Amino acid sequence: PTSPFSEKVRVAFGIKGLAWKSVIVPRILPKPDLMPLTGGYRKTPVLQIGADIYCDTQLILREIERRAPEPTLYPSQTCGLADALGWWAERSLFSTAVAVLFAKVGSALPQAFIEDRSKFSGREFNPQAMKAAEPRMMDAFAPSFTGSRQASPTAGRSSSAHNLRPRIAASIIWCGS
């Protein structure tokens, strides 16, 4: 799997023991199995339940939780924290991680991928500029992983079996999104 967002949803299905099916979606256009279903929306993941389509990772996770509440992805005392962590991981962390990755491998990317991302973003996808920005991106990326144990809301607390069960907050970081 190449989408950390899709992987987060797969982890949620696994935590809950739910069956699911998927299709392979190409990284670049055309996406013939996806776009007719979504009316032109091209990002993944997408969840279809009957005639209902869900196109946002956080929304998908909430719908999975609503339909199958046990075991919960959002323990009541950490629901807001999980949402905040998800927002940070999907917006800030992911964008910075992608910039670092493309700085490293940008020169090896296929031209079709570069053109697709330029059209999608509405600005030039420039691997050389990403390479030049790599030191700044690494400076922005590194603090996300330093001192994380000390910053954890459970730091210093004793562990229990309840605390060791997988939750969506853990999958957010594990999946890299």
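Please read these numbers as outputs of a predicted model, since none were measured by experiment. Excluded from the calculations below are hydrogen atoms, water molecules and symmetry mates; all remaining heavy atoms, backbone and side chain alike, are included.
Judged by the 6.0 Å and 45° rule, Arg62 forms no cation-pi pair with Tyr54.
In this view, Glu70 satisfies the side chain to side chain contact (heavy atoms under 4.5 Å, CB included) rule with no residue, not counting sequence neighbours.
Of the inter-residue distances, the one linking Ser107 atom OG with Met130 atom CE reads 12.0 Å to the nearest 0.5 angstrom. Going from atom CD of Glu7 over to atom OG1 of Thr57 covers 12.0 Å, rounded to the nearest 0.5 Å. Residue Ile15 holds its CD1 atom at 5.5 Å from CG of Leu73, rounded to the nearest 0.5 Å. Put simply, CZ on Phe5 and CD1 on Ile60 are 11.0 Å apart, with the number rounded to the nearest 0.5 Å. For the atom pair CZ of Phe113 and CZ of Phe125, the computed distance is 5.0 Å after rounding to the nearest 0.5 Å.
The shortest non-hydrogen separation linking Ala132 to Pro135 is O-CD, 3.5 Å. Between Ile49 and Leu47, the closest heavy-atom pair is CD1-CD2, 3.8 Å. In this structure, Gln48 and Gly50 approach most closely via the heavy-atom pair NE2-O, 2.9 Å. Here the closest non-hydrogen pair linking Leu34 and Arg42 is CD2-O, 3.3 Å. For the residue pair Ser6 and Ser3, the shortest heavy atom distance occurs at N-OG, 3.0 Å.
The salt bridge (charged side-chain N to carboxylate O under 4.0 Å, His left out) pairs that include a residue from residues 119-128 number zero, where partners must be two or more places apart or lie in different chains.
When atom types are taken as modelled, the side chain of Thr96 and the backbone of Met137 share no donor-acceptor pair closer than 3.5 angstrom. Proximity of a side-chain donor or acceptor of Lys131 to a complementary backbone N or O of Lys104 within less than 3.5 Å is not detected. Side-chain atoms of Lys31 never come within 3.5 Å of backbone atoms of Val25 as a donor-acceptor pair (strictly under, hydrogens ignored).
Within 6.0 Å of CZ on Arg91 lie more than 12 heavy atoms contributed by other residues, nucleotides or ligands. Heavy atoms from other residues, nucleotides or ligands lying under 6.0 Å from NZ of Lys16 number more than 12.
Grouping the Ile, Leu, Val, Met, Phe, Trp and Tyr side chains by contacts below 4.5 angstrom, directly or via other members, places Val105 with Phe94. Met35 and Ile28 are not part of a single hydrophobic cluster, where members link through side-chain heavy atoms under 4.5 Å apart. In this structure, Tyr41 is a member of the same hydrophobic cluster as Val23, with clusters built from ILVMFWY side-chain heavy atoms closer than 4.5 Å. Under a hydrophobic-cluster definition in which Ile, Leu, Val, Met, Phe, Trp and Tyr are linked whenever side-chain heavy atoms come within less than 4.5 Å, directly or via other members, Leu109 and Val98 are assigned to the same cluster. By the rule that hydrophobic residues join a cluster once side-chain heavy atoms approach within less than 4.5 Å of another member, Leu59 and Leu61 end up as members of one cluster.
The aromatic rings of Phe13 and Trp20 lie parallel to each other, with less than 30° between the two planes, well short of the 60° mark.
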**OP:** Show the numbers, then the answer: is there a side-chain contact (heavy atoms from CB on, under 4.5 Å) between Trp88 and Leu93?
**Re:** CA-CA 6 Å; Trp88 165 77; Leu93 179 62; 3.7 Å; yes
